[in-house]
Amino acid sequence: MATIKEKEQQIISEFENFDDWMDKYNYLIEMGKSIPQIDESQKVESNLISGCQSRVWLTAYMDDGKLYFKGDSDAVITKGIANLLIRVLSGQSPDDIINADLDFIDKIGLREHLSPTRSNGLVSMIKQMKFYAMAFKAKKAKQQ
Amino acid sequence: MYQTTNTGYNLEKIRKDFPILQQEVNGSPLVYFDNAATTQKPLQVINAITDYYHRENSNVHRGVHRLSVMATESFENVRQKIAQHINARYSHEIVFTRGTTESINLVASTWGKKNVKKGDQIIISAIEHHSNIVPWQMLCEEVGARLRIIPVDDAGEMDLEAYRDLFNEKTRLVAVNHISNTLGTINPVKEIVEIAHDNDIPVLIDGAQGLPHGSVDVQDLHCEFYCFSGHKVYGPTGIGGLYGKEKFLEEMPPYQGGGEMIKSVTFEKTDYNDIPYKFEAGTPNVAGVIGFGAALDYINNLGLENIKKHEDELMHYATTELEKMDGITIIGKARNKASVISLLIGDIHPYDAGTIIDHFGVAVRTGNHCTQPIMDHYGIPGTVRASFGLYNTKTEIETLLKAINKVKEMFG
């Protein structure tokens with residue numbers, strides 16, 4: 001399994017192929033289609049990361065010490081960005097997720113989506129993923 | 001270069017007054033269609049503020065020294081200018097605030113706390129901005145009153161028959177907007193006031209969008225309160241006002257405590273100042289007031305009717321062109337509408353649409369526009385909103401149409 005840094009690098013090189021913003025967004029739209037989608041039944045309030053403009057649902061489960069994410073959003077671009085995060089963070093250990101700085105978002109020119117004023121839930125999405133990691137870590141520590 | 005049938009309306013010259021419009025965004029000339037959120041400022045306003053700080057800056061109503069007298073004079077002249085602009089009977093009926101939101105909060109926490117009691121009711125409508133919902137909700141929670149809502153039909157017009165039926169012996173106030181920031185509906189505020197007065201109930205009008213679109217005459221409307229913001233009429237942010245009928249302002253307790261709002265202070269007792277100063281504690285936003293005055297001069301020089309005619313022309317052009325396109329739904333089709341168009345492009349999420357439109361250098365607003373209840377009414381997450389101002393052009397609308405076509409191509 002590649003590390004978070006390696007996966008980030010992979011995405012950065014994928015984005016280097018795009019000459020203009022439109023290609024980038026078309027790619028994000030495509031990315032949205034392959035998101036590990038959560039069940040309709042899990043699209044409930046408690047799994048909702050509420051941004052001002054688009055809704056994002058996120059769930060997580062632990063398998064063999066690694067954390068996996070599923071998600072969805074009612075906005076296509078947001079769904080694409082969510083899937084980028086999932087590609088990078090799914091299958092990693094809670095510790096690595098907690099410590100990830102995820103600066104690839106800036107490097108692939110999507111920093112504008114990180115601004116809290118965009119209210120697309122991206123910042124909250126990252127927070128929620130790290131929160132899941134912390135929760136699973138705490139749960140595991142308790143069991144041991 | 002810029003077509004308009006509005007003779008005497010020199011759009012090219014007008015645009016040169018707005019430095020911000022000369023820039024490029026994402027490699028394209030900026031197209032600013034978010035005027036319902038805030039308007040851009042002409043040089044006349046920017047210069048008035050700069051000049052004030054260069055030559056006059058001083059605290060108002062304080063000293064006998066030359067600067068203070070000059071600043072006070074300029075400051076009070078603007079109060080008078082605003083009074084004339086909205087045809088208030090007296091200039092002391094104009095209270096300076098930070099803007100519409102603060103004006104509404106001022107009334108809610110002074111007049112409201114004095115007059116609204118447990119079990120009472122306040123009437124608002126289903127197309128209010130959050131700032132004309134939440135202050136009343138907070139008041140209701142505090143005193144144990146409740147809100148009654150005037151329903152709105154699919155065109156975005158208030159149901160006046162249902163409104164009539166909302167009155168009862170518990171009703172204390174009606175608070176409605178003049179023009180909807182989301183749908184552009186120009187509400188029949190005069191009739192709304194008449195109906196309220198038939199029931200002996202005072203009316204507050206949220207005029208945030210009213211002041212920028214046409215003339216406002218508070219004596220003709222007969223409303224008790226009219227709230228407005230400078231930044232929506234090409235003035236600076238952080239300054240606005242509350243018009244209140246003299247009798248109402250007189251009877252209201254003060255808002256905040258501090259300097260300026262007092263006549264005399266001892267540790268035993270404080271005598272409050274006369275209106276409007278009773279509501280203006282602390283050093284006011286003098287530069288903002290000066291800028292607001294310059295903005296009113298600017299629009300009055302252009303002519304309110306000319307501006308309205310120009311904006312209506314833009315709105316009709318945009319509406320006609322949008323209706324020709326497949327898959328466009330215009331949300332809010334009131335018969336009487338200001339230059340605001342809320343729309344949906346197929347079932348494409350407004351956030352997706354707005355992200356792409358931004359790349360064409362076009363500033364539109366996406367989301368619920370701080371009017372969540374009306375979005376719930378239509379069962380939609382939000383809209384793409386284009387709102388036109390006095391400097392916009394048909395060519396700019398064409399850029400928007402091009403951007404919308406791209407959105408359809410990418411997400412359709």
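Keep in mind the model is a prediction, meaning the values are calculated, not measured. Note that these values count all heavy atoms, side chains included, but never hydrogens, waters or copies made by symmetry. Per chain, numbering begins at 1; letters A, B, ... match sequence-line order.
Ring-plane geometry between B:F360 and A:W21 is classed as perpendicular, the angle between the planes exceeding 60 degrees on a 0 to 90 degree scale with a lower cut at 30.
For A:K140, the NZ atom counts as loosely surrounded, since its 6.0 Å shell holds 12 or fewer non-hydrogen atoms of other residues, nucleotides or ligands. For A:D23, the CG atom sits in a packed shell: over 12 heavy atoms of surrounding residues, nucleotides or ligands are nearer than 6.0 Å. For A:K137, the NZ atom sits in a loose shell: 12 or fewer heavy atoms of surrounding residues, nucleotides or ligands are nearer than 6.0 Å. Environment of CZ in A:F131: sparse, with no more than 12 heavy atoms of neighbouring residues, nucleotides or ligands closer than 6.0 Å. Few gaps surround CE on B:M325; more than 12 heavy atoms of other groups in view lie less than 6.0 Å from it.
Considering NZ of A:K79 and NE2 of B:H349, their distance stands at 11.5 Å, rounded to 0.5 Å. To the nearest 0.5 Å, atom CD1 of residue A:I77 and atom CE of residue B:M410 are 6.5 Å apart.
Looking at A:I29, A:L28, A:V76, A:D74 one by one, the single match for side chain to side chain contact (heavy atoms under 4.5 Å, CB included) with B:D352 turns out to be A:V76.
With a 4.5 angstrom heavy-atom cutoff, B:I356 touches chain A via backbone and side-chain atoms both.
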